[in-house]
Amino acid sequence: MSGDHRNPDYQVNSGSKTNDSHKHKDKHKDKEHRHKDHKKDKEREKAKHSISEHREGRDSEKKLRDKEKEKLKHSNGSSDKHREKQKEKRRDEKVKPIHIDKPKRENENGYAREKSPPPIKSEPDDNGFDPSPKQKPTKRERDDEEFDCKPKKVKKEDEKKAKKRRQDYDDEEEEEDIKPKKKTRVKKGMEGKKPKKEEEEKWKWWEEERATDGSKWRFLEHKGPVFALPYEPLPLHVRFFCDGKQIKLSTPAEEVATFFAKMLDHEYTTKDIFRKNFFKDWRKEMTPEEKSKITDLNKCNFNEMSEHFKAQSEARKQMSKDEKLKIKEENERILQEYGFCLMDNHKERIGNFRIEPPGLFRGRGDHPKMGMLKRRIRPEDIIINCSKDSKHPKPPAGTRWKELRHDNKVTWLVSWTENIQGSIKYIMLNPSSRIKGEKDWQKYETARRLKKCVERLRAQYRDDWKSKEMRIRQRAVALYFIDKLALRAGNEKEEGETADTVGCCSLRVEHINLYPKMDDQEYVVEFDFLGKDSIRYYNKIPVEKRAFKNLQLFLENKQPEDDLFDRLNTSILNKHLQELMDGLTAKVFRTYNASITLQQQLKALTSPDDNLPGKILSYNRANRAVAVLCNHQRAPPKTFEKSMQNLQTKIDDKQKQLATSRKQLKTAKADHKASHDEKSKKAVDTKRKTVQRIEEQLMNLQMQATDREENKQIALGTSKLNYLDPRISVAWCKKWEISIEKVYNKTQREKFAWAIDMAEDDFEF
DNA sequence: GTTAGTACTTAGTAGGCCGCTT
DNA sequence: AAGCGGCCTACTAAGTACTAAC
C-alpha cells in the first residue's frame, strides 16, 4: 500500500494536457517578474502556469496581485521582525482543545482521495533481495551494513589490477567511441575479445569492502585545478564610450565591462538590481579617474564591445575543421592531465576540475545579488586536499596555494571560497566514481528501509495530528506534506542573501489557501510558492480532514508573511525522523516516493503486447509521473513547436503512404481473386507486409509525438539521475529484454554501472 | 535551540557536438 | 558542405544535512 496515495493518472496525463495552454497564457503575467526575467523564462512561466491550471482549474488573477503586494511589503525588511514577534508570542501557547470531527471514511491508506484511479498495488514486504539487515547503533556502521557487498577480491589482487589499469589506461578509456586506431589495436591485441575485456577491466567497486572508520579514502593524488584563462585586453579599435566620450579603460575595469557587454542581449541586464549591483562592483575596479568620469551606467555605451564578442563567436563558428580539431585535442590533453586523479589505486574521473571563471553573478529567480562581480580565483584562494605521501599538485609558477591539507574524512580535492555568498566551492569526483557511487547506492538503500516502515510512520503522524502539543501537530502535518506531495524539507535561509524561496518547513501563510469545499471536493489545500531555483509549485489537493483542521488552526492569528509551521524547522523534523528510523531525513521521502512511484507505474503501464517504442513510451510515462510528483520542470525547448510540426508532417506523410499502400493491397487482392495465380498471391503477401510495416512506422511516429508532447515542460533528467533507484530501470529492461541503452545514455550508464551490474530482472525496490 | 560553517546532493540551462538531411 | 535539430555535457546555483560552539 505504500506510496500509492497519489493519482498516477493525473501525473501521467498532466503533460499531455498542456497543449491548450495558450488559452491561459496571460493570466499570471503580473507575477512573472518575481522570479524570471529573460524571454525564455517568460515562455516557461506561461507554460508552468498552464500546467498548474490544468491540474486544478482556474486561478484568480486578483489573488496573485494581492500576493504580489504582500511580497513587496515583505521585502522591505520589517516583516521578518514581525514574524519573529509572532513566533515569540505564540511560543508558550498550548494548543487549544479543538473540536475535530470524526473522520469521514477515508481510503484504506488513510489518504482521502477523490477522482483517483484505482491505486496501484505495491508490495511492501521483503523479497529476499534487500541486503539491509538490522540496525546498528552508529551511523557509519549502519551504512556499511546496508550493503550486501561481500568482498569478492582480496586486496592484493585489487592492487595488482589497479596497477595494470594505470598502465593499460589508454585501452580502457573511452571504450565506447571506438576510434579507428583503437579498433586496430584492439584487433591486434586481443582478437576481437573486446567486449569481454571491457567488462573485466571496469573496476567493480561495489564488490569490494568499504571503509568503516569514516575515512573516504586512503590515498589521493591529483594535479590540482585548471585556472580560468587570464584576461586578454581588447584590441584598440574596440572602444568604450561614456556620455558620448570615448574612454580607454584600465585593464581591470575593462575586464569587468566586458562581462557586462557579453550579457547585453539578456533581459536581466535591464533589471534595476542587476545594474545597480554590477555598477557598484564595477566601480570598485576603476581607477580614480575612471570613477570620476563614469558615474552613470545608463550613459555607458558597450556596443562596440558587444559587437566585438559577437563577431568573435561568429568567427569561432566559422573556424576550419583543422582549427576546431586542434582545440578539441588541446581540451582532451587538459582533460587527460587534470581530469583524473588517483584514489586508492584507481584512476577516477574528476567532475569539475576547472575553476569557475570570473563573471557577473546571475542567480536564479529574483536574486538580490544578481549582477555582482564574481571575482577571479587565484592560487592563493585555493585549498588543496590530497594524501601526504602523494605527489602534491604544484601551484602555477610564482604563486602558492592558500593551504595544503590532508583530510581523508572528506571527498573533495580542491576548494575555495566564493565571494558572492561566501560559500565554499569544491572540486569533487565524477558521479561514476566509487566515492559517489557508494553514496548513491546507500541513498537508495535508506529509501528501501523507509519502504519497510513507511506505513508505521504514516500511522504515527496521523496520530500526532491529535497531539496536545502544537509543535507535534505541526511536525506531523509537515511530514504529511513531505510524504504526500514530495515537498523538500525547507531549510531556513538568510533573508536578502538569496531569492525568496521556500520548502515545506519554511512555508508561510501566504503560500497556502484552504478551501473547506471546492467543487466536488472537500478540504482542499491550494499551494502556491516558489521552491528551489524559484520554480513555482502550484497544486490544489484534497487532504485528510484532520490535517485540514490543523492547518486552519496553524493559520489562526497569523499574517500572510508568518511561518505556517512556526514551531518547526528542518532540524527539529530531522531529529524526529532520526528517532523513527535510523538514517531517516526529510529528503529520503522524496527518494522513496519517487522510486516507488516509478516501480508502480512501470508495473501498471507496461503491457507485454507493446512493441519496443510502446514500452519506451510507458517507461517515459512512468518517469514522467515521478517528474511531475517532484515538480521537475523545464523551459519548453525553443524549437518545440517547430519540431512538433515537423513530426506531424512526417506523420501526415506516413498516413498518406499508408493509404496508398492499402489501396494497392486492395487492388492486389482483387487481382488475386480474379486470377488466382501464384504471382498475384505473392503480390498480395508483399503488399500486406508493406502495409503492416507502414502501420507500425506510423504508430511509432505517433508514439514519439505523444511522448514529446507530454514532455514539453517536464524534465525527466533530474529524477532519473537523482531520485530513481537505477536498479528498478535495469530490472525493467531485463524483464522486457530491452537494451539498457534505450533508457540510459552513456553518462548515465557510467553513473549507474553498479546497478546495471548487480540488478536482475526480479529486483524489487 | 540557535547560529555559523562545512560538505555534499540536487537543479535547470546554455551551448557544444554530432548525426542527419538537403 | 552547410544547415538543422536534438541530445548531451559542463557548468554552477541552490538546495539538504550535519556538526560544533555558544
Side-chain angles (χ1 to χ4, degrees), chain A residues 36 38 40-41 44 91 139 177 216 266 313 316-318 320-321 324 327-328 331 335 339 350-357 359 361-365 367 369-370 374 383 385 407 409-412 415 417-418 420-431 435-436 439-440 443 488-494 497-499 501-506 530-535 567 569-575 577-578 583-588 590-591 594 627 630-635 637-640 642-644 646-647 704 708 713 715 717-723 745-748 750:
Chain A
K36 288 290 155 187
H38 46 94
K40 270 254 311 284
D41 293 339
R44 178 225 259 174
R91 193 142 291 155
K139 203 180 154 202
D177 31 303
K216 305 292 170 68
H266 284 285
S313 84
R316 219 169 304 134
K317 272 183 217 153
Q318 299 301 322
S320 72
K321 250 194 190 142
K324 279 186 183 166
I327 293 175
K328 215 178 149 186
N331 280 335
L335 174 69
I350 298 171
N352 55 325
F353 54 90
R354 285 170 202 276
I355 300 283
E356 296 173 18
F361 175 79
R362 170 63 197 151
R364 317 246 167 97
H367 200 113
K369 300 196 169 184
M370 64 169 87
K374 202 168 99 167
I383 302 173
N385 191 33
D407 181 359
K409 299 277 187 278
V410 296
T411 67
W412 54 267
S415 78
T417 301
E418 152 267 0
I420 304 288
Q421 320 273 0
S423 63
I424 307 167
K425 300 262 189 170
Y426 303 93
I427 289 182
M428 293 183 194
L429 296 194
N430 195 66
I435 216 163
K436 294 287 183 191
K439 203 73 187 296
D440 209 36
K443 172 180 79 186
R488 293 188 186 83
N491 283 327
E492 277 126 309
K493 10 197 301 195
E494 227 179 305
E497 294 292 299
T498 59
T501 62
V502 296
C504 186
C505 292
S506 50
L530 299 181
K532 182 176 177 180
D533 295 316
S534 291
I535 296 292
R567 308 283 173 92
N569 60 39
T570 51
S571 108
I572 296 172
L573 179 64
N574 280 337
K575 214 166 267 167
L577 292 176
Q578 191 62 238
L584 186 61
T585 62
K587 86 186 184 89
V588 178
R590 239 166 112 81
T591 312
C630 294
N631 202 35
H632 290 144
Q633 302 188 26
R634 65 161 181 174
K638 283 180 205 130
T639 52
F640 184 83
K642 207 163 132 204
S643 86
M644 237 21 229
N646 289 350
L647 199 55
Q704 216 182 43
R708 199 178 294 176
Q713 54 224 41
T718 305
S719 47
K720 203 184 234 183
L721 236 42
N722 299 302
Y723 289 103
N745 68 29
K746 186 175 173 235
T747 324
Q748 292 160 344
E750 278 166 8

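Convention: sequence-line order gives letters A, B, ...; per-chain numbering from 1.
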Taking the side chain as C-beta and beyond, is there a heavy-atom pair between [X] and [Y] under 4.5 Å?
X        : Y        : answer
A:Gln421 : A:Phe361 : yes
A:Thr411 : A:Leu429 : no
A:Cys630 : A:Thr718 : no
A:Met428 : A:Ile350 : no

Contact class for [X] (heavy atom, under 4.0 Å): base, sugar-phosphate, or nothing?
X        : value
A:Asn574 : sugar-phosphate
A:Arg316 : nothing
A:Gly717 : nothing
A:Pro431 : nothing
A:Thr570 : nothing
A:Lys369 : nothing
A:Ala499 : nothing

Practice prompt. Going by the side-chain hydrogen bond (donor to acceptor under 3.5 Å, both in side chains) test, name the single residue among A:His632, A:Lys443, A:Lys587, A:Arg590 that passes it with A:Tyr723.
Written response: A:Arg590
Worksheet item: Under 6.0 Å from the NZ atom of A:Lys409, do we count more than 12 heavy atoms belonging to anything else shown?
Response: yes
Worksheet item: More than 12 foreign heavy atoms under 6.0 Å from NZ of A:Lys324: is that the case here?
Response: yes
In whole Å, I'd like the distance from the [atom1] atom of [X] to the [atom2] atom of [N].
X        : N      : atom1 : atom2 : answer
A:Gln578 : C:dA17 : CD    : C1'   : 11 Å
A:Arg364 : C:dG15 : CZ    : P     : 9 Å
A:Glu497 : C:dA14 : CD    : C1'   : 14 Å
A:Ile327 : B:dG15 : CD1   : P     : 17 Å
A:Asn430 : C:dT12 : CG    : C1'   : 16 Å
A:Ile424 : C:dC18 : CD1   : P     : 18 Å
A:Glu494 : B:dT3  : CD    : P     : 10 Å
A:Ile435 : B:dC8  : CD1   : C1'   : 11 Å

N or O in side chain of [X] less than 4.0 angstrom from [N] OP1/OP2:
X        : N      : value
A:Lys587 : C:dA17 : no
A:Lys493 : C:dG15 : yes
A:Lys443 : B:dC8  : no
A:Lys328 : B:dC18 : yes
A:Thr585 : C:dA17 : yes
A:Tyr426 : C:dT12 : no
A:His367 : C:dA13 : no
A:Ser571 : C:dC18 : no
A:Ser423 : B:dT6  : no
A:Thr498 : C:dA14 : no
A:Lys216 : B:dC8  : yes
A:Asn491 : C:dT16 : yes

Practice prompt. Take nucleotides 4-9 of chain C nucleotide by nucleotide from the 5' end and write B, S or -, depending on whether a protein heavy atom sits under 4.0 Å from the base, only from the sugar-phosphate, or from neither.
Written response: -SS-SS
Checking contacts here: which listed nucleotide ([options]) is nearest the side-chain heavy atoms of [X]?
X        : options                : value
A:Ala635 : B:dA7, C:dT12, B:dT13  : B:dT13
A:Met428 : C:dA14, B:dA7, C:dT12  : B:dA7
A:Lys374 : B:dG12, B:dT10, C:dA13 : C:dA13

Worksheet item: Does A:Thr747 offer a backbone N or O that forms a donor-acceptor pair with the side chain of A:Asn745 under 3.5 Å?
Response: yes
Discussion item. Should the side chain of A:Lys436 and the base of B:dT9 be counted as holding a donor-acceptor pair, with the cut-off at 3.5 Å?
Written reply: no
Discussion item. Let me spell it out: for each of A:Ile355 and A:Gly490, pick the nucleotide of DNA chain C with the closest heavy atom. Which residue's pick is nearer the 5' end?
Written reply: A:Ile355
Practice prompt. For A:Glu356 and for A:Gly531, find the nucleotide of DNA chain C with the closest heavy atom, then tell me which residue's nucleotide is more 5'.
Written response: A:Glu356
Discussion item. I'd like to know whether A:Thr501 forms a side chain to side chain donor-acceptor pair (under 3.5 Å) with A:Lys493, so could you lay out the CA-CA distance, the side-chain angles of the two residues, the decisive distance to 0.1 Å, and finally the verdict.
Written reply: CA-CA 9 Å; A:Thr501 62; A:Lys493 10 197 301 195; 2.6 Å; yes
Worksheet item: A:Thr417 or A:Arg488: which one's nearest nucleotide on DNA chain B is closer to the 5' end?
Response: A:Thr417
Discussion item. I want to confirm an ordering. Mapping A:His632 and A:Ser415 to their closest nucleotides on DNA chain B, which one lands closer to the 5' end?
Written reply: A:Ser415
Discussion item. Students often mix this up, so state it plainly: with edges at 30° and 60°, are the rings of A:Trp412 and A:Tyr426 parallel, tilted or perpendicular?
Written reply: tilted
